[in-house]
Structures are given as C-alpha cells and as structure tokens.
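Notes for the one structure printed next.
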Number of protein chains: 2
Amino acid sequence: MDFPKMQKLKARADVMKALGHPTRLFMVEELAQGELCVAELTELVGADMSTVSRHLSVLRAAGVLEDERRGNCIYYRLLCPCVLDFFACAQNVIDSAQARRSA
Amino acid sequence: MDFPKMQKLKARADVMKALGHPTRLFMVEELAQGELCVAELTELVGADMSTVSRHLSVLRAAGVLEDERRGNCIYYRLLCPCVLDFFACAQNVIDSAQARRSA
DNA sequence: TGGTTATTTGGCAAAATAGCCAAACTGTGG
DNA sequence: CCACAGTTTGGCTATTTTGCCAAATAACCA
C-alpha cells in the first residue's frame with residue numbers, strides 16, 4: 001500500500017475512531033440539537049469534567065466539532081451534520097446482525 | 001444516563017470503533033467490490049495473516065462483515081453497504097477542517 | 001489587585017488494542 | 001490414515017486509550 005493512500009486511510013480512520021466511544025457518541029448526539037458548553041455536557045454525561053474535556057478535544061482534533069469561547073464558557077458545536085447519518089447506519093448494522101442471529 | 005440507552009450507545013460505538021482502524025477501513029473498501037478470502041486480503045494488506053484474521057473478526061463481531069467457508073477458504077462479505085457512506089462523510093470532515101485551517 | 005468560575009493540561013494507573021510468532025484447528029486430497 | 005493449505009487462537013510485549021485527581025490557565029467581577 002502506497003504512502004499517500006495510507007495517510008488518507010489513517011485520516012478517515014481517525015474520524016471513525018473519534019466517534020467510536022459511547023460518551024463521545026452521546027455528546028455528538030446532544031450537540032446535534034445545538035451548541036453546549038463543557039459544563040452542560042459534563043452534567044449530561046455525568047463524568048469528571050476533565051474527562052469530558054479530553055473527549056471533546058478528541059472530537060475537535062478529528063474535525064467533528066469546533067469550539068468558541070464566550071466569556072467564561074467554551075461552547076462546542078457540531079461541524080459536519082453528516083456524521084449523524086452514521087448513527088442510523090450503525091443501528092442498521094446492529095439490527096441486521098440481531099435479525100440474523102434470531103433467524 | 002439510564003442503562004438501556006447506555007447499551008445502545010455502546011453498540012453503536014462498537015460499529016464505529018470497528019471502522020476506526022486504517023487496515024480495517026481498507027479491507028471494507030476492498031470488500032465493497034466483492035467477497036474475498038483471508039489469504040487474498042492478507043496479500044492486499046501486507047501484514048501477518050493472524051493480524052488480518054483478528055481485524056476481520058472485529059468487523060464480523062461488529063456486524064459489518066459475514067464469513068462463509070467454502071472448502072479450504074473462508075470468504076468475507078460486506079453486510080451493510082451503508083457503511084461506505086461513512087467514507088464520504090469522513091472525507092468531508094477532513095476536507096472541511098483543512099479548508100478551515102487554510103482560511 | 002485578588003477571588004471566583006469555567007476549562008484545559010500534566011501525571012499517573014488501569015484497561016484495551018495491535019501485531020507478531022507459534023500452536024491448534026478445519027477441511028481437502030492422497 | 002497422513003500430509004497439506006487456509007484460518008483461527010493462545011500467548012506475549014509494546015503501544016494507546018481511558019479516567020480520575022491535582023495543578024495550571026483564562027476570563028470574569030469586585
């Protein structure tokens with residue numbers, strides 16, 4: 001496999017990987033309805049704020065979210081709503097597997 | 001967060017996570033064009049066959065692939081082609097981030 | 001200036017992942 | 001039955017990820 005192709009694969013995999021954690025998936029779902037600050041997300045997630053902050057930075061690094069400081073708070077926003085389509089497909093994968101197991 | 005919701009999130013995250021590796025992404029791309037056996041995928045990937053086999057089992061466990069034995073060979077098939085849409089979206093995320101950095 | 005709130009970062013330990021080798025397993029054909 | 005090709009699994013180490021605490025940073029207000 002040549003190097004540029006490899007890099008492209010890695011970049012794409014990083015986006016998927018960023019979404020490959022329950023907490024991060026949850027936060028993306030919540031942010032689909034509008035921006036939220038770290039404190040609000042921390043409340044929703046129910047983990048340490050430092051943990052939430054780290055998850056957010058993973059999503060930001062992957063290009064999924066962007067942040068904006070307003071006063072004391074830092075608000076996070078969903079950048080590419082197309083990632084929401086992942087959820088439906090992932091559910092489809094799960095449901096199909098379930099149906100296959102039942103059959 | 002209640003327990004059933006948590007489990008649903010985890011299941012979806014597992015699908016994303018399964019796709020969150022360059023080698024696995026590559027294999028899914030190749031399998032989009034038709035089934036391949038482990039030996040063929042090993043040749044394409046260029047890693048140890050045991051490594052390829054483990055990656056395939058991750059994708060199978062996530063419900064992305066299914067396998068079928070025919071004689072000596074085990075063929076893997078893509079189950080939900082909708083995962084291919086992930087690729088376009090992931091590229092979109094990457095390109096948008098790139099554009100933002102340039103601006 | 002100092003105090004307070006919101007957030008990130010450093011540091012650490014536990015857990016998960018990745019990759020290789022070697023051994024085991026599965027079906028084929030003599 | 002044996003030998004062989006294709007595949008998976010056990011076992012190991014190296015690396016990465018996760019999550020908490022504590023300390024640092026950033027912006028507000030008095």
Side-chain angles (χ1 to χ4, degrees), chain A residues 1 6-7 9-28 30-31 34-78, chain B residues 1 6-7 9-28 30-31 34-78:
Chain A
M1 208 171 340
M6 194 50 146
Q7 274 199 308
L9 277 169
K10 188 183 170 336
R12 290 180 178 186
D14 281 341
V15 177
M16 313 274 190
K17 192 157 53 170
L19 296 167
H21 189 287
T23 299
R24 293 197 289 264
L25 217 44
F26 173 72
M27 296 196 297
V28 169
E30 294 297 317
L31 290 170
E35 62 176 20
L36 292 167
C37 73
V38 183
E40 292 169 324
L41 284 164
T42 299
E43 170 68 18
L44 287 170
V45 168
D48 196 281
M49 184 181 280
S50 68
T51 299
V52 171
S53 174
R54 281 232 154 84
H55 280 308
L56 288 168
S57 79
V58 169
L59 287 164
R60 175 162 33 83
V64 177
L65 305 182
E66 77 177 346
D67 61 338
E68 186 194 352
R69 170 155 232 146
R70 287 204 302 278
N72 250 345
C73 299
I74 300 182
Y75 290 88
Y76 279 85
R77 252 192 309 278
L78 186 58
Chain B
M1 206 170 343
M6 193 49 144
Q7 274 199 307
L9 277 169
K10 187 181 171 337
R12 289 180 178 185
D14 281 341
V15 176
M16 313 274 188
K17 191 157 53 168
L19 296 166
H21 189 286
T23 299
R24 292 197 288 263
L25 217 45
F26 174 71
M27 295 195 299
V28 170
E30 294 297 316
L31 290 170
E35 62 176 19
L36 292 166
C37 73
V38 183
E40 290 168 326
L41 284 163
T42 299
E43 170 68 19
L44 287 169
V45 168
D48 195 278
M49 184 182 281
S50 69
T51 300
V52 171
S53 173
R54 281 231 154 82
H55 280 309
L56 287 168
S57 78
V58 170
L59 288 164
R60 175 161 34 82
V64 177
L65 305 182
E66 78 177 346
D67 61 338
E68 185 195 352
R69 171 156 231 146
R70 287 205 300 279
N72 253 340
C73 300
I74 299 182
Y75 290 89
Y76 280 84
R77 252 192 308 277
L78 186 58

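Since the structure is predicted, the reported quantities are computational estimates derived from the model, not experimental observations. In what follows, chains carry the letters A, B, and so on, assigned in the order in which the sequence lines appear, proteins first and then strands, with residues in each chain numbered from 1.
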Inset, instruction - Check whether any side-chain N or O of B/Arg70 sits under 3.5 Å from a backbone N or O of B/Asn72 as a donor-acceptor pair, and report yes or no. - result: no
Legend entry - Residues B/Asp67, B/Arg77: salt bridge by 4.0 Å N-O rule: no
Legend entry - Residues, nucleotides or ligands: over 12 heavy atoms within 6.0 Å of B/Glu68 CD: yes
Legend entry - Residues touching DNA chain D, which here means a heavy atom under 4.0 Å, drawn from residues 35-46 of chain B: B/Cys37, B/Val38, B/Ala39
Inset, instruction - Identify the 5'-most and 3'-most nucleotides of DNA chain C with at least one atom closer than 4.0 Å to a non-hydrogen atom of chain B. - result: C/dT17 to C/dT28
Legend entry - Close side-chain approach of B/Glu66 to B/Arg60, heavy-atom, < 4.5 Å: no
Inset, instruction - Please tell me if the side chains of A/Tyr76 and A/Leu31 come closer than 4.5 Å, counting only heavy atoms from C-beta onward. - result: yes
Inset, instruction - Could you pull out the closest heavy-atom pair between A/Leu78 and A/Leu65, with the gap in Å? - result: CA-CD2, 3.8 Å
Legend entry - Partners passing side chain to side chain contact (heavy atoms under 4.5 Å, CB included) against A/Thr42 (at least two apart in sequence or in another chain): A/Val38, A/Met49, A/Val52
Legend entry - 5' precedence on DNA chain D between A/Ser50 and B/Tyr75 (nearest-nucleotide basis): B/Tyr75
Inset, instruction - Report yes or no: does A/Ser57 contribute a side-chain atom to a donor-acceptor pair with the main-chain N or O of A/Arg54 at less than 3.5 Å? - result: yes
Inset, instruction - Give one of base, sugar-phosphate or nothing for A/Arg70, where a contact means two heavy atoms less than 4.0 Å apart. - result: nothing
Inset, instruction - Select from A/Asn72 and A/Asp67 the residue whose nearest nucleotide in DNA chain C is closer to the 5' end of that strand. - result: A/Asn72
Legend entry - Those residues of residues 53-66 of chain B lying under 4.0 Å from DNA chain C by at least one heavy atom: B/Arg54, B/His55
Legend entry - Pairwise side-chain contact, A/His21 with B/Lys17, heavy-atom cut-off 4.5 Å (strictly under): no
Inset, instruction - Go through the steps to decide whether A/Phe26 and A/Val28 satisfy the test side-chain contact (heavy atoms from CB on, under 4.5 Å), and finish with yes or no. - result: CA-CA 5 Å; A/Phe26 173 72; A/Val28 169; over 6 Å; no
Legend entry - Positional range of nucleotides in DNA chain D within the contact set of chain A, heavy-atom, under 4.0 Å: D/dT17 to D/dC28
Inset, instruction - Under the side chain to side chain contact (heavy atoms under 4.5 Å, CB included) rule, collect the residues that match up with A/Ala13, sequence neighbours excluded. - result: B/Pro22, B/Leu25
Legend entry - Heavy-atom pair with the smallest gap, counting every atom of A/Asp14 and A/Ala62: O-CB, 4.2 Å
Inset, instruction - Would you check if the side chain of A/Arg24 reaches a backbone N or O of A/Ala18 as a donor-acceptor pair within less than 3.5 Å? - result: yes
